[in-house]
Amino acid sequence: MRRPATHHPTPCDVFETRYRKRPPMKRTKVNDLLASDSPLSQVLVKGWLRTRRDSKTFSFLEVNDGSCPANLQVVANDTLPNYEELRKLTTGSALAVVGDLVASGGKGQRWEVTASAVEVLSLAPETYPLQKKRHTDEYLRSIAHLRPRTNKYGAMFRIRADTAWAIHRFFRQHGFRWLHSPIITASDCEGAGELFRVTTLPPGVTAGDENAFSQDFFGARANLTVSGQLSAEMLALALGDVYTFGPTFRAENSNTRRHAAEFWMVEPEMAFCDLSGNMDLGEALIKEMARFVMAECAADLELFSRFVDPGLTTTLTGIIEKAFVRIRYTEAVAILQRSGQEFGFPAQYGLDLQTEHERYLTEVHFRAPVIVYDYPKQIKPFYMRVNDDGQTVAAMDVLVPVIGEIIGGSQREERLEILEARMGECGIDRAAYEWYLDSRRYGSVVHSGFGMGFERLLMMLTGVANIRDVIPFPRTPGDIMF
RNA sequence: UCCCCAGUAGCUCAGUCGGUAGAGCAAGUGGCUGUUAACCACUGGGUCCGCGGUUCGAGUCCGUGCUGGGGAGCCA
């Protein structure tokens with residue numbers, strides 16, 4: 001069969017024309033070949049060379065195409081017309097291979113491809129920074145554009161993509177609808193830290209002059225979102241159960257292994273739901289994500305339990321099987337005070353729990369995920385519902401081993417007068433929130449929600465200790481090279 | 001932002017008491033083998049992070065800056 005005359009042949013077309021038995025050949029992914037239950041004749045594979053092992057009259061080529069963690073072993077005999085060229089193939093080179101999928105004669109793999117043709121699509125010079133050996137995470141961060149080609153980061157970013165999909169699946173199965181909350185917002189006081197300013201004004205124009213913002217693009221101060229919660233509340237009070245899942249920005253000068261300036265957050269919001277139902281959802285979500293990666297990302301996850309965190313399977317099984325401990329803040333403080341532990345900062349009512357306190361509760365005392373709830377109102381933001389004691393608010397934090405806080409949420413204050421009073425106490429400018437208060441004027445109902453850091457979830461699921469290693473191109477203070 | 005640690009070959013690291021630079025892997029060359037981060041031999045490869053100081057002499061000691069990491073705070 002001939003292609004139309006107008007078709008401009010690409011190198012791949014030439015290759016296929018030269019070697020194909022019947023046109024046109026379609027590329028098969030390594031993932032599908034390795035899952036084959038029978039031999040196949042004349043398949044086309046495209047990918048990158050991970051390593052080459054030479055014998056006297058043939059070479060083994062390990063080809064990876066990113067579809068799965070495993071490589072495909074290609075046997076290239078010296079009868080191939082370009083065998084001399086193949087003999088010089090370097091790690092990282094791109095290849096197209098045509099051959100038969102046959103049972104492997106060696107140990108270690110079930111299938112291999114006996115090449116009838118190998119085309120070098122691109123030869124990688126010996127300066128290719130990735131070698132066929134272990135690199136440190138620190139070095140790989142310095143070549144973030146290439147690290148997805150390693151076993152570990154390939155597995156990481158497949159798991160990240162699949163987990164994101166599983167989050168959507170979870171919420172859909174629970175009757176939630178996805179809300180696209182704005183990336184650029186005007187709200188600037190949610191107790192969520194420093195903001196990135198968004199402006200089209202020339203530098204310096206706004207210095208010391210609040211009125212200058214009236215000349216700005218939006219006619220007001222604007223910034224990148226720190227939370228989609230307020231938007232989510234509005235949609236929850238219309239659609240019932242909704243969630244946001246998108247990027248979030250914090251301009252905090254945080255230099256830790258679990259903070260990034262740009263991260264993804266999942267924020268469900270539920271009408272007619274109190275704090276207890278909120279905790280139920282958070283627990284169900286985390287359990288489902290652990291089940292998901294164990295069941296549906298098994299091949300990639302295995303790499304992490306082998307090389308990153310030997311206790312990973314135990315941790316995930318524990319998360320799935322154990323009920324999350326639920327204790328009030330006052331009980332948590334009492335446990336910490338009775339613990340006999342020496343803390344850098346003593347636990348004391350009215351102060352927020354320190355990282356060391358959270359980790360003691362979840363890693364030492366309970367050895368399970370812990371939900372701490374009903375915090376003193378003075379350490380929590382204005383929108384959290386004041387409890388009947390008048391002293392605490394219906395807040396909850398989910399703490400998991402190693403990561404610490406993975407979820408923070410609350411039942412929202414649905415009573416207009418109390419919300420207004422709390423805004424006053426917290427020094428919030430009411431004028432900017434009249435639209436928000438409208439939700440309490442018209443058909444206000446009990447509702448709740450939380451925020452879950454997607455990267456922290458991935459850290460928990462894979463055992464990876466640094467947030468910069470679970471996001472392809474991390475943004476942290478002083479670092480935006482890629 | 002604060003506290004601590006580190007920076008030596010392309011990568012991972014060793015370097016004793018202050019005495020003039022080492023290994024493995026990678027690269028190049030040759031050999032061998034249905035191999036599994038293949039193996040064996042040989043070869044090339046250094047601004048010891050920068051600057052300043054102490055010393056006859058500094059990779060090593062001191063000061064300072066930069067970069068990276070860990071911890072804290074902020075939080076998800």
Side-chain angles (χ1 to χ4, degrees), chain A residues 50-62 70-77 88 90-92 102-109 112 114 124-143 150-151 190-194 226-229 244-245 247-267 282 307 343-345 351-359 379-381 397-400 403-409 450-460 465-471 476-479 481:
Chain A
R50 282 297 173 77
T51 181
R52 187 193 82 238
R53 290 182 295 273
D54 296 325
S55 186
K56 189 153 201 158
T57 59
F58 61 95
S59 296
F60 294 107
L61 307 177
E62 293 271 347
N71 301 325
L72 176 71
Q73 175 163 290
V74 173
V75 181
N77 279 298
K88 292 184 174 139
T90 46
T91 300
V102 300
S104 177
K107 289 174 189 149
Q109 61 281 318
E112 65 188 20
T114 306
E126 75 264 5
T127 52
Y128 185 58
L130 289 170
Q131 298 174 9
K132 44 190 183 185
K133 58 164 225 155
R134 192 187 163 276
H135 290 290
T136 59
D137 292 323
E138 290 79 12
Y139 173 67
L140 291 170
R141 264 171 232 153
S142 74
I143 50 168
T150 64
N151 290 334
E190 293 156 28
E194 297 294 315
V226 291
S227 165
Q229 179 197 319
T244 73
F245 185 11
T248 307
F249 308 88
R250 303 281 165 88
E252 295 291 339
N253 188 14
S254 295
N255 290 284
T256 80
R257 58 184 181 81
R258 51 183 200 288
H259 289 87
E262 176 182 293
F263 62 100
W264 283 56
M265 190 154 61
V266 180
E267 294 176 288
F307 299 117
F343 292 115
F345 295 86
L351 298 182
D352 220 339
L353 297 179
Q354 304 282 316
T355 299
E356 57 180 339
H357 299 148
E358 296 178 344
R359 293 189 61 165
I379 59 174
K380 290 292 182 185
D397 286 349
V398 180
L399 314 176
V400 294
I403 313 297
E405 183 179 342
I406 193 170
I407 280 178
F450 62 79
M452 178 181 71
F454 184 53
E455 283 75 18
R456 289 188 182 175
L457 173 73
L458 291 170
M459 291 167 73
M460 185 198 80
N466 195 310
I467 197 167
R468 284 168 282 211
D469 298 334
V470 301
I471 185 164
T476 50
D479 190 7
M481 181 174 314

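In what follows, chains carry the letters A, B, and so on, assigned in the order in which the sequence lines appear, proteins first and then strands, with residues in each chain numbered from 1.
The base of B:rU1 is paired with the side chain of A:Asn255 by a donor and an acceptor separated by under 3.5 Å. Between the side chain of A:Arg134 and the base of B:rC25, no donor-acceptor pair of N or O atoms lies under 3.5 Å. Side-chain atoms of A:Ser254 stay outside donor-acceptor range of the base of B:rC75, with no qualifying N/O pair under 3.5 Å. Between the side chain of A:Glu138 and the base of B:rG70, no donor-acceptor pair under 3.5 Å is found.
The CG atom of A:Asn253 sits 9 Å away from the P atom of B:rC2 (whole-angstrom rounding). In this structure, the CG atom of A:Leu458 is 12 Å from the C1' atom of B:rA76, given to the nearest Å. In this structure, A:Phe60 places its CZ atom 15 Å from P of B:rC39, rounding to the nearest Å.
Comparing B:rU1, B:rG71, B:rC75 by their closest approach to the side chain of A:Glu358 singles out B:rC75. Closest contact between the side chain of A:Glu112 and the listed nucleotides B:rG34, B:rC74, B:rC75 involves B:rG34. Candidate nucleotides B:rC75, B:rG69, B:rG70 were compared by shortest atom distance to the side chain of A:Arg141, and B:rG69 ranks first. Closest approach to the A:Met265 side chain among B:rG34, B:rA76, B:rU12 is made by B:rA76 (side chain taken as heavy atoms from C-beta onward). Here B:rU36 is the nucleotide among B:rG69, B:rU36, B:rC74 with the atom lying nearest to any side-chain atom of A:Glu62. Of the candidates B:rA72, B:rG71, B:rA38, the closest approach to any side-chain atom of A:Gln354 belongs to B:rA72. In the set B:rG73, B:rG34, B:rC13, the nucleotide with an atom closest to the side chain of A:Thr136 is B:rC13. Ranking B:rG73, B:rA76, B:rU36 by closeness to the A:Phe263 side chain, first place goes to B:rA76. Closest to the side chain of A:Arg250, from the set B:rG34, B:rG73, B:rC75, is B:rC75.
Rounded to a whole angstrom, the distance from the C1' atom of B:rC13 to that of B:rC51 is 27 Å. Using P as the reference atom, B:rA9 and B:rC5 are 23 Å apart when rounded to the nearest Å. Rounded to the nearest Å, the gap between the C1' atom of B:rG28 and that of B:rG69 is 35 Å. Nucleotides B:rG22 and B:rU16, compared at atom C1', are 14 Å apart to the nearest Å. Across the C1' atoms, B:rC17 and B:rA58 are found 14 Å apart, a figure rounded to whole Å. Atom C1' of B:rU60 sits at a distance of 25 Å from the matching atom of B:rC3, rounded to the whole Å. B:rU54 and B:rU64: their C1' atoms are spaced 15 Å apart (whole Å). Only the C1' atoms considered, B:rC61 is 14 Å distant from B:rG19, to the nearest whole Å.
Between A:Arg258 and B:rA72 there is a side-chain N or O to OP1 or OP2 distance below 4.0 Å. Not one side-chain nitrogen or oxygen of A:Arg53 sits closer than 4.0 Å to the OP1 or OP2 atom of B:rU35. When the side-chain nitrogen and oxygen atoms of A:Asn466 are compared with OP1 and OP2 of B:rG70, one or more of them lie within a distance under 4.0 Å. An OP1 or OP2 oxygen of B:rA38 is reached within less than 4.0 angstrom by a side-chain nitrogen or oxygen of A:Thr51. Dashed line: the shortest gap from a side-chain N or O of A:Lys132 to OP1 or OP2 of B:rA38 is under 4.0 Å. For the OP1/OP2 pair of B:rG69 and a distance below 4.0 Å, the side-chain nitrogens and oxygens of A:Arg468 include at least one atom meeting the criterion.
Checking B:rC39 for Watson-Crick or G-U wobble geometry (two distances, each under 3.5 Å) identifies B:rG31 as its partner. Applying the Watson-Crick and G-U wobble criteria (two distances, each under 3.5 Å), B:rA58 pairs with nothing in any strand. Pairing of B:rC17, defined by two Watson-Crick or G-U wobble distances under 3.5 Å, is not identified with any nucleotide. With a cut-off of 3.5 Å on both pairing distances, B:rG45 has no Watson-Crick or G-U wobble partner at all. With a cut-off of 3.5 Å on both pairing distances, the Watson-Crick or G-U wobble partner of B:rA6 is B:rU67. In this entry B:rC11 has B:rG24 as its Watson-Crick or G-U wobble partner, both defining distances falling under 3.5 Å. With a 3.5 Å ceiling on both atom-pair distances, the Watson-Crick or G-U wobble partner of B:rU1 is B:rA72.
The shortest non-hydrogen separation linking A:Leu458 to A:Val470 is CD1-O, 3.8 Å. Of all non-hydrogen atoms in A:Ser59 and A:Asp54, the two that sit nearest each other are OG-OD1, 2.7 Å.
Taking the side-chain contact (heavy atoms from CB on, under 4.5 Å) definition, one finds that A:Thr136 meets it with A:Arg134, A:Glu138, A:Tyr139, sequence neighbours left out. For the salt bridge (charged side-chain N to carboxylate O under 4.0 Å, His left out) test, residues two or more places apart in sequence or in another chain that qualify with A:Arg141 are A:Asp469.
In this structure, A:Leu61 and A:Asn71 have side chains that are not in contact, with every pair of non-hydrogen atoms separated by 4.5 Å or more. Using a 4.5 Å cut-off on side-chain heavy atoms (C-beta onward), A:Met459 and A:Arg257 make contact. Between A:Gln73 and A:Glu62 the shortest side-chain heavy-atom distance falls below 4.5 Å. Contact of the A:Phe263 side chain with the A:Arg456 side chain is not registered, since no non-hydrogen atoms from C-beta on lie closer than 4.5 Å. In this structure the side chain of A:Asp137 never reaches within 4.5 angstrom of the side chain of A:Asn466, judged on heavy atoms.
Nucleic acid contact class of A:Phe58 (heavy atoms, under 4.0 Å, all strands): base. When heavy atoms are screened at a 4.0 angstrom cut-off, A:Ser59 is found touching no nucleic acid atom at all. Nucleic acid contact for A:Ile403: none, since no nucleic acid atom lies under 4.0 Å from a heavy atom of the residue. Contacts of A:Glu356 with the nucleic acid, taken as non-hydrogen atoms under 4.0 Å apart, are absent. A:Gly106 comes within 4.0 angstrom of a base, heavy atoms only.
Position along RNA chain B of the nearest nucleotide to A:Ser55 versus A:Thr355 favours A:Ser55 as the more 5'-ward residue. Nucleotides of RNA chain B nearest to A:His135 and A:Thr57 differ in position, and the one nearer the 5' end is that of A:His135.
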Walk me through it: do A:Arg258 and A:Glu455 pass the test salt bridge (charged side-chain N to carboxylate O under 4.0 Å, His left out)? CA-CA 8 Å; A:Arg258 51 183 200 288; A:Glu455 283 75 18; over 6 Å; no

Would you please test A:Lys132 and A:Thr51 for side chain to side chain donor-acceptor pair (under 3.5 Å) and show each step? CA-CA 7 Å; A:Lys132 44 190 183 185; A:Thr51 181; 2.9 Å; yes

Produce a footprint string for nucleotides 5-10 of chain B: one letter per nucleotide, 5' end first; B if the base is under 4.0 Å from any protein heavy atom, S if only the sugar-phosphate is, - if neither. -----B

